[in-house]
Amino acid sequence: MEDDMDIKTTIVNSLSAVLADELNNTEIKNLLEVPKSSKLGDYAFPTFILAKSRHQAPQKIAQELVEQLDHEPYEKIEATGAYVNFFLNKGNFAEATLQTILTSGDQYGDSQVGQAGNVPIDMSSPNIAKPMSMGHLRSTVIGNALANIYKKIGYQPIKINYLGDWGTQFGKLIVGYHKWGSEAEIKEDPIGNLLKYYVHFHEAAEKDPELDDEGRAWFKKLEDGDPEATHLWEWFRGLSLAEFQKIYDRLGIEFDSFNGEAYYNDKMDPVVDELKAKNLLQESRGAQIVDLTDENLTPALIKRSDGATLYITRDLAAATDRYNKFHFAKSLYVVGSEQTEHFKQLKAVLKKMGDDWSDDIIHVPFGLITKDGKKLSTRKGNVVLLDKVLDEAVDLAKQQIAAKNPDLAHADQVAHQVGVGAVIFHDLKNDRLDSFDFSLGEVVRFEGETGPYVQYSNARAQSILRKAKREVNLDDVLNLADPNAWDTIKYLADFPAMVLRAANEYEPSVIAKYALRLAKTFNKYYANSKILVEDDQLNARLALVKATSQVLQQSLALLGVQAPDEM
RNA sequence: GGCCCCGUGGCUCAGCUGGAUAGAGCAACGGUUUCCUAAACCGUAGGUCAUCAGUUCAAAUCUGAUCGGGGUCACCA
């Protein structure tokens, strides 16, 4: 970043020296661009804007500027068409970039823009007694990546798993368990059997609507603190959590809090009271609502006509609680895009309550995953179980290792890293908002633009470093002049800017795409240039290999993907 | 119907605050291993950037309309 800024400033100053009468520094800076191909140069200045005032052809202006400019700080300056193209001094730039990266180590790209502000992140949020599907994966891995990215730029992320652990479904579950379940069955396969009772309940309730009343009655008991209901709830919740934990362990993701919906049960009354006190609550069709027509939103339903609370009531309590606890700089909600309206309502209600911090609540939506074009639904059996996908991916990775690298040490561990890495990376590489239809073949692919491709590139880099049998010496030559290496060096210098962009856009895919691009140029580099040759550039080449490996590892780490040294 | 998102080669997608001949990956076809792991690299073929109009010296990118797909529109979360 520093280097990038310095270079841009240098170029702006150069241009300013000959254009001071026509354009100021900011204008020049905004016009500067990076050519599509580095054959055209490293930075370009388009001259179209001067054509009018000078009454000259842009091509001619470009040529004139090249003649007037001071060429000294650059390798060369050329006029190509209407552009003035600047070529950086490659040796110097390589030296500075590699020096910065290798001395900063894992801190390369760190910044303090967050000023240690708290950033609670609402993420993952699976429902108790239901299996985790591919749908939950998105929220989980996006939230985790954003936590890593925000930490890197100086914030204090707080990962909150807002479990779906309350609601009428628990009454239904209890009824289902009483009618068809057994302790032994549940111990054998907790989630599988709880889900079975739940599905069974819904089937039975179709024919016998009285079951629904029974379910509601048991939920009422639960709310009233009935000992049996409470005991069963705690039991189901604990079992589910243990199952979830296995998946989180496989993914390598940890949380700072598991405060789910149940946690806010006793925190809703104060919010409702406050709404009442501020005259925001009104009755409509028997329900209590906050009118939001002035915000062009549908009314927020705070209490049902039977007096029960709703999703937004709990979320209001949760948001307030999080603010009181953390005084957050931002509060992120990594929740599907189908809930966009809900978060608009949430913010609008908080705003009406006078909570200005509602501006810092940010919904980070993501696109829907479908299966055969249809929305995933646990009840309808249209599910893609996350556990199964991970199994499949790890199995495939094992097969790949057996075929390609049979002598690999710790093969099982690497298979896990590669298989899981492929699944996570696949979910993060595209724009958050893109919806996609689930395809196992696509998710567990290891070739082309995939996580394993990046991992492989890093493993190759590590392999070269091992074979070098010497350390990179930062006091020795670093001014790598090989043209094949140039794109890699420039991309390496881009990393800090990419981290900031990913944070600003709440978009982990920025990092994923960056890692792919860096891996690709690096692969191209070492396919065309031999690294391990004894000459005066060996140290510089090894420095590049090391720096690349380091940045690839950092990028993967930000995404929550592991990077094996060998694969 | 109102509001929101999306529409780029057979498939999946990049294209940053508008700029130089629209880029990748997969699939297809051909090539590269006595050479640092062929999970790689190189090449060939494939696109009127949904359509129309507007703004601009310049539009895949900005504006409006049309068509097509998805989401959402109070007592689920």
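All figures in this text were calculated on a predicted structure; none of them were measured in a lab.
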Listed nucleotide nearest any side-chain atom of Asn430(A), set C13(B), A38(B), G25(B): C13(B)
Proximity to the side chain of Tyr453(A) - top-ranked nucleotide from A39(B), C41(B), U37(B): C41(B)
OP1 or OP2 of A38(B) under 4.0 Å from side-chain N/O of Arg460(A): yes
d(CD1, Ile61(A); P, A20(B)) in whole Å: 18 Å
Selection residues 524-537 of chain A - residue pairs positive for salt bridge (Lys or Arg N to Asp or Glu O under 4.0 Å), sequence neighbours left out: Asp535(A)-Arg541(A)
Nearest-nucleotide pick for Asn85(A), side chain only, options being A20(B), U37(B), C36(B): A20(B)
Sugar-phosphate, base or nothing in reach of Ala459(A), heavy atoms under 4.0 Å: base
Distance below 4.0 Å between Ser337(A) side-chain N/O and C5(B) OP1 or OP2: no
Nucleic acid contacts of residues 431-447 of chain A, taken as heavy-atom distances under 4.0 Å to RNA chain B: Asp431(A), Asp434(A), Ser435(A), Arg445(A), Phe446(A), Glu447(A)
Could you go through residues 394-401 of chain A and list every donor-acceptor pair under 3.5 Å that involves a side-chain atom there, pairing it with any protein atom two or more places apart or in another chain?
none

Lys/Arg-Asp/Glu bridge criterion (N-O < 4.0 Å) met for Arg138(A), Asp427(A): yes
Ring centers of Phe170(A), Phe236(A) separated by less than 6.0 Å: no
Dump every N/O contact between nucleotides 56-64 of chain B and the protein below 3.5 Å, one line per pair.
unit_1	atom_1	unit_2	atom_2	d
C57(B)	OP1	Lys52(A)	NZ	2.6

Sugar-phosphate, base or nothing in reach of Pro58(A), heavy atoms under 4.0 Å: nothing
Can you check nucleotides 67-69 of chain B for protein contacts, nitrogen or oxygen pairs under 3.5 Å, and list what you find?
none

Among A38(B), C42(B), A24(B), the nucleotide that comes nearest once only the side chain of Lys524(A) is considered: C42(B)
Shortest side-chain distance from Lys513(A), nucleotide among A20(B), U37(B), A14(B): A14(B)
Proximity to the side chain of Val418(A) - top-ranked nucleotide from G25(B), C36(B), A39(B): A39(B)
Presence of salt bridge, Asp294(A) and Lys352(A), under 4.0 angstrom: yes
Among A20(B), A40(B), C13(B), the one nearest Asn523(A) by side-chain distance: A40(B)
Plane angle bin for Trp166(A) and Phe219(A) - parallel if under 30°, tilted between 30 and 60°, otherwise perpendicular: perpendicular
C36(B) OP1/OP2 closer than 4.0 Å to side-chain N/O of Tyr525(A): no
Out of G25(B), A39(B), C36(B), whichever nucleotide has its closest atom nearest the side chain of Glu449(A): G25(B)
Residues Arg54(A), Glu64(A): salt bridge by 4.0 Å N-O rule: yes
Would you tabulate the pairs of protein nitrogen or oxygen atoms and nucleotide nitrogen or oxygen atoms of nucleotides 75-77 of chain B closer than 3.5 angstrom?
unit_1	atom_1	unit_2	atom_2	d
C75(B)	O2'	Arg304(A)	NE	3.1
C75(B)	O2	Ser305(A)	N	2.7
C75(B)	O2	Ser305(A)	OG	3.3
C75(B)	N3	Ser305(A)	OG	3.3
C75(B)	N4	Arg285(A)	O	2.7
C76(B)	OP2	Arg304(A)	NH1	2.6
A77(B)	OP2	Tyr311(A)	N	3.1
A77(B)	O3'	Glu261(A)	OE1	3.2
A77(B)	O3'	Glu261(A)	OE2	2.6
A77(B)	N3	Gln339(A)	NE2	3.4

Residue mapping more 5' on RNA chain B - nearest nucleotide basis, Pro299(A) or Lys520(A): Lys520(A)
